[in-house]
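Input: a single structure, listed below in structure tokens.
Here the structure is a predicted model, which means the values were calculated and not measured. Side chains included, hydrogens not; waters and symmetry mates left out as well; all remaining heavy atoms used. Chain letters run A, B, ... following the sequence lines, proteins first, then strands; residues in each count from 1.
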Protein chains: 2
Amino acid sequence: MKNSSAELSRDYDTWPPAQNKRQAILNAAADVFAQEGFGGASIDAIAARAGVSRQTIYNQLGDKDNLFKVVVAEITDRSSAGFFRVLDTFPVAPQDIETELTQFSAQLLRKAICDPNGRWLRKVVETEGARFPELFETWKEYGPGKKYPAIAARLAQLAHSGYLQIDDPALAARQYMALLATDLRYDQQIGRQTPESEIDQMAANATRTFLRAFAPRR
Amino acid sequence: MKNSSAELSRDYDTWPPAQNKRQAILNAAADVFAQEGFGGASIDAIAARAGVSRQTIYNQLGDKDNLFKVVVAEITDRSSAGFFRVLDTFPVAPQDIETELTQFSAQLLRKAICDPNGRWLRKVVETEGARFPELFETWKEYGPGKKYPAIAARLAQLAHSGYLQIDDPALAARQYMALLATDLRYDQQIGRQTPESEIDQMAANATRTFLRAFAPRR
DNA sequence: GACGGATTGGACAATTGTGTCCAAAATATT
DNA sequence: AATATTTTGGACACAATTGTCCAATCCGTC
């Protein structure tokens, strides 16, 4: 039996067998699309990586355009779910705000921003957004459209409780995310795989600067 | 006489007319590569956009790989030059640090970060970096490798003069750039063309937060 | 106006990719 | 064990692309 390239989620064993191949295809397609872009990705390459015959891809997912759409939809779901799972741990009533916000930030980095799904999405949307406008709309809605307001709402709550001093929560949310992601993005851009061990430091750096800017002045 | 990809940017006017077409080709190629990626870009599309016959591209620039390399080298030069031109206006001994740093930030946004050249580079390096490792190295050296340390040095200078309180200038530089670019990046990602009129506001937002975090405490 | 290098457009072979068809084989269902 | 469904791999037509060749043409210079 062939194995899939799935470094990701769930109990495949309980699904109908067709779904296994389907998942293998989607994972392989995500990899190849990410590496080669839409134009550069060939169905053959995807089939080979998925350990599946090319025909099976056409049977299950139709043509290349549709395959691409399904992959994006799938990854959008996964990525969004991961983000909101972490968001549930936001420290709305912290004892020690620096410590707890740092911990939360580290989780966000690990589970959401670092996450291969989310990175793939951002890249693909940037590269291929013009080619698939509806897709782009969907991503916009589920990505920035929901994540930033959600963070902003949590920050506003902290401000309302007197933990922070924030005029514009939406702006603060964007700045918080920017501070958090900067080192990760830098590493990504210079092609460096960020070691797990540095993530806590990144979270601490971002949180410290953020709190210095938004902590209440005595 | 064939010319190699060695020489790029100099006073074009004194050159034979062939260099005009060469520039047209490079600009068109940059556009098409940016839109379609390396794999998706066809020489024909580039030729059509440049208003030039396909053969001329092969005459002047050889095959697709070399064309791509020359384009990246060209854009790297332009982008780097633009950045350092703005950097020369950094307020090393400001009277009113908030005002002057805001102005500088606005210039940086307009001339360097907003700049189509730089955006194209980042995108292409992210997408095609794996395919052309030497290119990637060059970009790394001239991009992040020089820009961030340069900003860090200016910030350290401000700190040394007592305008700021900075433990880690390199970190502060990354955070400054992150704060500066966040809204622009957000707009880019949701496919919104940032209006010129909002850039000053972005610069002000970033600068205010940065100074709140790094201004000396009384 | 004649020369020479650059440019053009069209034809070309080779390669690669898409999407379909189909019969044989593997796998699941009953 | 018999049957239904999926999967496979190979063949195929069709289109797009790369890179080359070449004769006709343009255009600036002498």
Legend entry - Side chains of B/Phe210 and B/Asn205 in contact at under 4.5 Å (non-hydrogen atoms):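 Contact flag for B/Phe210/B/Asn205 side chains = no.
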
Legend entry - A/Arg54 side chain reached by A/Ile46 side chain, heavy atoms, under 4.5 Å: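 The answer is no, as the side chains (C-beta and beyond) never meet within the 4.5 Å cut-off.
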
Inset, instruction - Ignoring hydrogens and angles, tell me if any N or O in the side chain of B/Thr89 forms a donor-acceptor pair with the backbone of B/Arg85 under 3.5 Å. - result: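 Flag not set: sc B/Thr89 to bb B/Arg85 has no pair under 3.5 Å.
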
Inset, instruction - For the pair A/Asn117 (side chain) and A/Ile75 (backbone), establish whether a donor and an acceptor sit closer than 3.5 Å, ignoring hydrogens and angles. - result: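 Looks like no, no N/O pair under 3.5 Å.
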
Inset, instruction - Measure the acute angle between the ring planes of A/Phe136 and A/Trp139, then classify it against the limits of 30° and 60° as parallel, tilted or perpendicular. - result: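 Rings of A/Phe136 and A/Trp139: parallel, as their planes differ by under 30°.
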
Over how many whole Å does the gap from [X] atom [atom1] to [N] atom [atom2] extend?
| X | N | atom1 | atom2 | result |
| --- | --- | --- | --- | --- |
| B/Leu67 | D/dT18 | CG | P | 10 Å |
| B/Asn59 | C/dG9 | CG | P | 13 Å |
| B/Ile46 | D/dT18 | CD1 | C1' | 12 Å |

Pairs under 3.5 Å (N/O, protein and nucleotides 16-24 of chain C):
residue: C/dT18; atom: OP1; partner: A/Ala41; partner atom: O; Å: 3.3
residue: C/dT18; atom: OP1; partner: A/Ile43; partner atom: N; Å: 3.3
residue: C/dT18; atom: OP1; partner: A/Lys64; partner atom: NZ; Å: 3.2
residue: C/dT18; atom: OP2; partner: A/Ile43; partner atom: N; Å: 3.1
residue: C/dG19; atom: OP2; partner: A/Lys64; partner atom: N; Å: 3.2
residue: C/dG19; atom: O6; partner: A/Arg54; partner atom: NH2; Å: 3.1
residue: C/dT20; atom: O4; partner: A/Arg54; partner atom: NH2; Å: 3.4
residue: C/dC21; atom: N4; partner: A/Gln55; partner atom: OE1; Å: 2.8

Inset, instruction - Could you note down all residue pairs passing ring pair (Phe, Tyr, Trp, His ring centres under 6.0 Å) where residues 24-56 of chain A supplies at least one of them, sequence neighbours left out? - result: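 Passing the test, one end in residues 24-56 of chain A: A/Phe33-A/Phe38, A/Phe33-A/Phe68, A/Phe38-A/Phe68, A/Phe38-A/Phe132.
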
Inset, instruction - Tell me whether the OP1 or OP2 atom of D/dT8 has a side-chain N or O from A/Lys21 closer than 4.0 Å. - result: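 The answer is yes; a side-chain N or O of A/Lys21 sits under 4.0 Å from OP1 or OP2.
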
Inset, instruction - Output yes when at least one side-chain N/O atom of A/Thr56 is less than 4.0 Å from OP1 or OP2 of D/dT8, else no. - result: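 Affirmative; the distance criterion is met.
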
